[in-house]
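Reviewing the structure listed below.
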Amino acid sequence: MDKNKIQEKIMEKTLLIIALLSILAIVLIIGFIFLEGFPAIQEIGFFQFMLGMDWSPKKDIFGVFPMIIGTLLTTIIALIIAIPLSIGCAIFLTEYAPENMKKILKPTIQSLAGIPSVIYGFVGLVLLVPFLRSTFGGTGFNVLGASIILAIMILPTIISISEDALLAIPKSFTEASYGLGATKWQTIYKILLPAALPGLITAIILGMGRAIGETMAVIMIAGNVVEIPGSIFEPVRTLTANIAIEMGYAINLHYNALFATGIILLIIIMILLVIANYIEHKKKLSVGGGEL
């Protein structure tokens, strides 16, 4: 065996070990969460814990249903705000923006992804909360404010991946469309977006994961009241915020209940990912069938 083949084998085994270590780390983290959270679920009852309306650690009452609603509500509204803005920005970058503007916009968007979440929280606290308070009344700490901050935070992720998905489409697609007399917008709407749809769904999935898992900015903006909000102008507490706020002083059953909250969060994320991946798979099949 020559030197090049030996090096290739070494690199192959090294990469395999790295991949296995990554999987092992994920399995250990999930296993630890289930190990610490299962005693609370066993004592309280899974459905009582998941569907319970009250969270009162002093009385050993633990129900996370209001926080599940809060998590889903803030995430859905954030996606409703972020998806059109992100995909629109990606289309502008790939189809309309001149090179000089791309050189400015791309680093700016990438830098947004590196800003710590606490900075987004401070900006929301200083600018957004007073605006919501003066415009809509109440305290200003509410679902809408948290959703707007989350939408801004997930913009860079969705924009970057959507742009890559659009750039990956072969030039022959657009050339054929223009050859048939289609306008630029007709080409984008009828050809590019359907062809890039699996990649766009992937971008949305990753943005959704970021929104669900965000903690610090949500703590600072959402109001952290354990109740099902009657409107988007009322305060809310998410699952991640609940863990972060109370883990520092939790003991005994309360401690286990917070880990059980993490289990519920994992289950929700897994369900949403399965649904999103199923939709992505169906879209890939439909796009492939159209090309055939």
Side-chain angles (χ1 to χ4, degrees), residues 15 19 72-115 144 147-214 232 269-292:
L15 293 172
L72 295 176
L73 190 60
T74 53
T75 301
I76 290 169
I77 296 174
L79 289 174
I80 291 171
I81 297 170
I83 289 171
L85 292 175
S86 302
I87 295 177
C89 184
I91 292 171
F92 177 76
L93 285 171
T94 55
E95 298 299 322
Y96 291 100
E99 288 300 322
N100 290 336
M101 187 174 289
K102 287 181 182 179
K103 291 178 181 178
I104 298 172
L105 285 177
K106 282 189 176 182
T108 303
I109 293 169
Q110 290 169 357
S111 66
L112 286 174
I115 297 175
L144 181 60
S147 299
I148 291 172
I149 291 297
L150 286 177
I152 296 170
M153 293 180 70
I154 65 178
L155 281 175
T157 301
I158 302 179
I159 291 171
S160 299
I161 300 171
S162 298
E163 183 187 2
D164 292 339
L166 290 168
L167 289 173
I169 299 171
K171 292 295 182 183
S172 59
F173 281 42
T174 55
E175 291 170 358
S177 178
Y178 293 144
L180 292 171
T183 63
K184 193 175 189 68
W185 174 244
Q186 286 173 332
T187 300
I188 292 170
Y189 179 67
K190 295 289 187 180
I191 305 298
L192 295 184
L193 287 179
L197 196 56
L200 298 180
I201 294 174
T202 300
I204 293 168
I205 291 171
L206 293 175
M208 178 183 67
R210 172 78 192 273
I212 291 175
E214 181 51 47
I232 60 174
I269 291 174
M270 288 177 183
I271 291 172
L272 292 175
L273 287 177
V274 167
I275 293 171
N277 282 316
Y278 174 76
I279 295 171
E280 181 185 9
H281 178 68
K282 295 293 287 185
K283 293 297 181 183
K284 282 182 178 179
L285 291 177
S286 64
V287 171
E291 290 175 357
L292 292 173

**Q.** Heavy-atom pair of closest approach, residues Pro194 and Pro198
**A.**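 Nearest heavy atoms, Pro194 then Pro198: O-CD, 4.2 Å.
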Q: Could you pull out the closest heavy-atom pair between Ala182 and Gln186, with the gap in Å?
A: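 Of all heavy-atom pairs spanning Ala182 and Gln186, the closest is CA-OE1, 3.5 Å.
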Q.
Just checking Tyr178: does its OH atom have more than 12 heavy atoms from other residues, nucleotides or ligands closer to it than 6.0 angstrom?
A. yes
Q.
For Lys102, I'd like to know if atom NZ has over 12 heavy atoms of other residues, nucleotides or ligands within 6.0 Å.
A.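 Yes.
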Q: Taking salt bridge (Lys or Arg N to Asp or Glu O under 4.0 Å) as the test, write out the residues that go with Glu95, two or more places apart.
A: Lys184
Q: Find out whether Leu155 and Cys89 are in side-chain contact, i.e. whether some heavy atom of one side chain is under 4.5 Å from a heavy atom of the other.
A: no
(Q) Would you say that Arg210 contacts Leu206 through its side chain, given a criterion of any heavy-atom pair below 4.5 Å between the two side chains? (A) no
Separation of [Y] [atom2] from [X] [atom1] (nearest 0.5 Å):
| X | Y | atom1 | atom2 | answer |
| --- | --- | --- | --- | --- |
| Ile201 | Ile83 | CD1 | CD1 | 10.0 Å |
| Leu192 | Ser177 | CG | OG | 7.5 Å |
| Ile76 | Ile212 | CD1 | CD1 | 9.0 Å |
| Leu193 | Thr187 | CG | OG1 | 11.0 Å |
| Ile91 | Ile188 | CD1 | CD1 | 6.0 Å |
| Ile154 | Leu85 | CD1 | CG | 10.0 Å |

Please report, to 0.1 Å, the donor-acceptor pairs under 3.5 Å made by any side chain of residues 156-173, with sequence neighbours excluded.
from   : atom 1 : to     : atom 2 : distance (Å)
Ser160 : OG     : Pro156 : O      : 2.9
Ser162 : OG     : Ile158 : O      : 2.6
Glu163 : OE2    : Lys106 : NZ     : 3.0

